[in-house]
Protein chains: 2
Amino acid sequence: MTQAVRHDSMRARNLGVVLGEVRRSGPITRAALAEITGLTKTTVSKMVGDLIDAGMVTESGALRDGERGRPGTAVTLSGERVAALGLEINVDYLSACVVDLTLSVRLRYTQAVDNRTASPVETLAHLQKLFHKAVDEARSEGLSIAGSTLAVPGPVDGGRLHSAPNLGWHDVRVGELLNFPAAVDNEANLAALGELWFGSGPGDFLHVSGEIGIGAGLVVGGALFRGARGLAGELGHVIVSPEGPSCRCGGRGCLEQYAGQEALLRAAGLGGGPAGIPELLERLHAGETRALEACACAGQALGIALTSAIHLTDPGTIVLGGIFAPLFPWIRDPVHETMTARLAMMRHAVPELTVSRLGGDAATLGAAGQVIHRVIADPWTHVVTGRTGPGPR
Amino acid sequence: MTQAVRHDSMRARNLGVVLGEVRRSGPITRAALAEITGLTKTTVSKMVGDLIDAGMVTESGALRDGERGRPGTAVTLSGERVAALGLEINVDYLSACVVDLTLSVRLRYTQAVDNRTASPVETLAHLQKLFHKAVDEARSEGLSIAGSTLAVPGPVDGGRLHSAPNLGWHDVRVGELLNFPAAVDNEANLAALGELWFGSGPGDFLHVSGEIGIGAGLVVGGALFRGARGLAGELGHVIVSPEGPSCRCGGRGCLEQYAGQEALLRAAGLGGGPAGIPELLERLHAGETRALEACACAGQALGIALTSAIHLTDPGTIVLGGIFAPLFPWIRDPVHETMTARLAMMRHAVPELTVSRLGGDAATLGAAGQVIHRVIADPWTHVVTGRTGPGPR
DNA sequence: CCGATTTAATCCACTTTATGGACTTAATAT
DNA sequence: ATATTAAGTCCATAAAGTGGATTAAATCGG
């Protein structure tokens with residue numbers, strides 16, 4: 001149910017509207033904010049004052065635009081006080097980053113841990129150390145961490161990680177095992193949000209994260225689509241060919257069996273050993289036929305799965321990330337041709353096919369960005385608790 | 001951007017919250033409304049008064065629940081004043097229905113028109129007559145039509161119908177051709193909403209409308225998912241087998257080629273003639289092998305497409321409607337078995353598979369229901385303009 | 001059968017928040 | 001130097017919800 005609005009929540013929401021507009025429109029004067037939001041100059045002035053007190057906004061000098069009349073003083077987001085922490089569990093390392101309100105990355109950490117051999121509890125203990133280190137160091141820079149989110153490589157439903165094949169984890173209640181406050185979410189979802197906020201991401205796109213599994217995050221109207229239980233976006237198990245090779249999910253012919261990291265390396269003649277994507281890239285650059293053909297096949301399969309995804313979810317753009325980012329030059333054409341051929345008559349415009357500009361950090365950034373976005377949408381608590389000293393009696 | 005809240009919009013929203021709660025919780029006292037919404041009794045009382053004045057709510061007698069203390073007077077939605085009109089263009093007839101605020105169907109119309117031979121303009125002229133007839137007759141019953149929505153059999157993007165194969169329409173700007181005020185939406189989308197509001201529909205489901213084409217409407221959290229351009233839900237073109245028969249969409253192996261009405265009838269040996277679903281049902285009841293096998297094959301194909309859809313969109317339930325409703329006894333098992341086998345390892349619970357309780361009216365009902373839902377979510381304008389006579393000066 | 005208790009609904013003084021016009025400030029134009 | 005224009009602040013007012021007091025209408029207990 002939509003919640004009822006009272007005086008305090010009216011103010012809370014309007015604060016969010018004003019702060020959101022400051023974020024959206026860069027340096028902007030109070031007068032312009034009033035115009036855009038529809039609030040009066042008085043109201044906006046008061047709110048901007050509160051936001052400045054809370055350290056979320058700063059005056060960034062006079063905005064002289066050549067027009068006559070008194071020039072306005074522009075305000076911008078301030079990265080000096082509020083920050084958020086993004087965490088990620090990868091196969092062989094943990095990573096963390098601290099991002100401030102302006103979405104600038106302030107601190108980054110990685111710590112090598114072989115999470116395939118470690119138990120969930122061990123891994124999470126390592127993660128806790130990383131958490132405290134990051135929080136302490138952020139504090140020493142004057143930043144206060146408004147919240148944190150943890151990215152895990154598999155579908156999450158209410159803090160519970162269903163399965164993470166590349167960690168060997170199955171049905172782990174991560175939320176309950178954490179000894180520090182953090183939200184838990186799927187790496188593919190958060191990578192999509194990372195692309196939205198830190199990449200060139202437009203407002204509507206399907207972000208494909210190719211790893212050992214293949215996940216996807218669907219962003220529509222600037223918000224992530226999660227489905228009924230938060231398990232949406234399992235692109236890796238969309239059926240490419242109903243009688244294809246069987247998959248660990250129980251099905252047959254899933255995309256993962258054609259374009260997952262393992263399948264791809266095997267097709268390129270690199271399976272079975274410790275060989276990885278770097279080797280594949282070398283061979284591609286060397287023009288080795290087997291590697292090129294492996295990419296072409298994977299691209300076609302991806303194109304087929306994406307065609308189904310487009311018909312079902314109608315994304316504006318497709319963004320390829322994860323292992324597909326470095327492979328983009330070799331898979332772009334087969335993916336694009338497959339999609340174009342199969343979508344030809346149904347739509348005026350086939351979704352654009354682009355590549356992620358973010359590296360392996362996409363999920364960590366998205367995790368931190370999610371917290372920042374929540375703060376910007378609802379700065380109320382931070383404004384109130386952010387007051388210095390006891391308020392007027 | 002989220003809009004700023006001012007005093008009037010605060011009141012508008014709270015009116016919507018109160019009215020929405022009246023709808024949700026049946027006959028309910030003012031005190032209970034206050035408890036649930038978090039507003040004070042004073043505020044709720046004032047709002048209920050306004051809603052009664054506007055004819056949207058009535059007192060429905062004392063609510064004596066055996067407890068001691070003064071019994072409350074319950075209020076319910078009133079179907080006496082506000083209503084909505086749903087319209088639908090089918091292959092060989094037009095239909096309309098008037099639904100009141102309580103979602104009771106008050107008037108129904110159908111008019112035989114062969115829309116395959118008629119041009120869009122001719123069809124819409126017929127529709128206009130139907131519109132006025134419905135509005136006039138509703139008015140004579142004391143109902144005022146708050147709005148209307150038109151269901152068309154194909155994907156719609158901003159009032160523009162991309163293609164409606166069973167009408168032979170292509171790229172028709174329906175919104176601009178209408179000489180009366182109505183929103184235009186895809187029949188599959190509206191059928192899903194019909195199921196949500198008039199059927200047994202739970203809050204999260206994928207509604208499959210099998211017709212000549214196969215569409216789907218995805219409802220998550222009580223809201224329809226439309227994708228970036230409103231073209232989501234084209235289940236009929238999800239790829240079942242990449243090298244399958246070619247489809248009018250330009251692709252190959254689309255679901256429609258296996259489970260669409262034409263493919264199904266052809267497989268059952270009924271193709272080429274005027275034979276239809278009734279004949280197929282006769283043969284199924286007679287136990288004819290060819291018909292049974294056709295259903296089994298269609299069911300398997302549907303199961304494969306739904307498996308992909310489930311991985312991508314994670315619906316809580318699958319509701320089969322359209323031609324799949326009467327065929328349900330014969331396709332249920334193949335669909336269910338295919339889905340279960342292929343989803344086994346990925347989720348604890350495979351989505352439930354149910355059948356639509358609504359007949360061919362689903363879309364018309366959804367169309368009218370959409371208007372009603374908008375009125376309930378935002379009753380403000382109706383409360384203000386609904387006042388009888390000049391207000392107190 | 002009557003008073004005590006309990007809950008519903010209304011009344012009224014008050015608080016919170018936004019409004020809108022007046023006022024001050026700081027630029028450009030003439 | 002003065003007029004004009006726009007930004008930002010001040011202040012009295014309006015709109016809406018709050019919370020406690022009051023009235024109303026039941027059940028419970030003796």
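First the proteins, then the strands, lettered A, B, ... as listed; each starts at 1. Please read all numbers here as calculations on a predicted model, not as lab measurements.
Atom-to-atom, CE of B:M10 to P of D:dA14 comes out at 17 Å; the value is rounded to the nearest Å. Nucleotide D:dA15 holds its C1' atom 14 Å from the CG atom of B:L15, rounded to whole Å. Put simply, CG on B:D50 is 12 Å from C1' on D:dA16, counting in whole angstrom units. Here the C1' atom of nucleotide C:dA18 and the CZ atom of A:R13 are 16 Å apart, to the nearest Å. Between A:K41 atom NZ and C:dT25 atom P there is a gap of 15 Å when expressed in whole angstrom units. Going from atom CZ of A:R68 over to atom P of C:dT28 covers 11 Å, rounded to whole Å. In this structure, CD1 of A:I52 is placed 12 Å from C1' of D:dG8, rounded to the nearest angstrom. Atom CZ in A:R11 sits about 10 Å away from atom C1' in C:dT16, given to the nearest Å.
Nearest-nucleotide positions on DNA chain D for B:P71 and B:D8 put B:D8 closer to the 5' end. Comparing A:L39 and B:A74, the nucleotide of DNA chain C nearest to each residue sits closer to the 5' end for B:A74. Annotation: of the two residues near DNA chain C, A:G38 and A:R70, the 5′-most nearest-nucleotide partner is A:G38.
Residue A:T29 is classed as a sugar-phosphate contact, given heavy-atom separations below 4.0 Å to backbone atoms only. Among the protein residues, B:T43 comes within range of the nucleic acid bases, having at least one heavy atom under 4.0 Å from a base atom.
Residue B:E141 qualifies as enclosed at atom CD: its count of foreign heavy atoms under 6.0 Å is above 12.
Look at A:N14 and you'll find a side-chain N or O under 4.0 angstrom from OP1 or OP2 of C:dA18. Regarding contacts with the backbone of C:dA18, every side-chain N or O of A:T40 stays at 4.0 angstrom or more from both OP1 and OP2. Under 4.0 angstrom from either OP1 or OP2 of C:dA8 there lies no side-chain N or O belonging to B:T73. Close to D:dT18, at under 4.0 Å from its OP1 or OP2, lies a side-chain N or O of A:R6. Residue A:T42 places none of its side-chain N or O atoms closer than 4.0 Å to OP1 or OP2 of D:dC11.
Of the N and O atoms on the side chains of B:T73 and B:R30, at least one donor lies less than 3.5 Å from an acceptor on the other residue. Between the side chains of A:T40 and A:T43, at least one donor N or O sits under 3.5 Å from an acceptor N or O.
In terms of modelled atom types and a separation under 3.5 Å, the side chain of B:S148 and the main chain of B:P181 share a donor-acceptor contact. Checked by atom type and distance alone, the side chain of B:T58 never pairs as donor or acceptor with a backbone atom of B:S60 at under 3.5 Å.
Residue B:H7 places a side-chain atom within donor-acceptor reach of the base of D:dA15, judged by atom type and a 3.5 Å distance cut-off alone.
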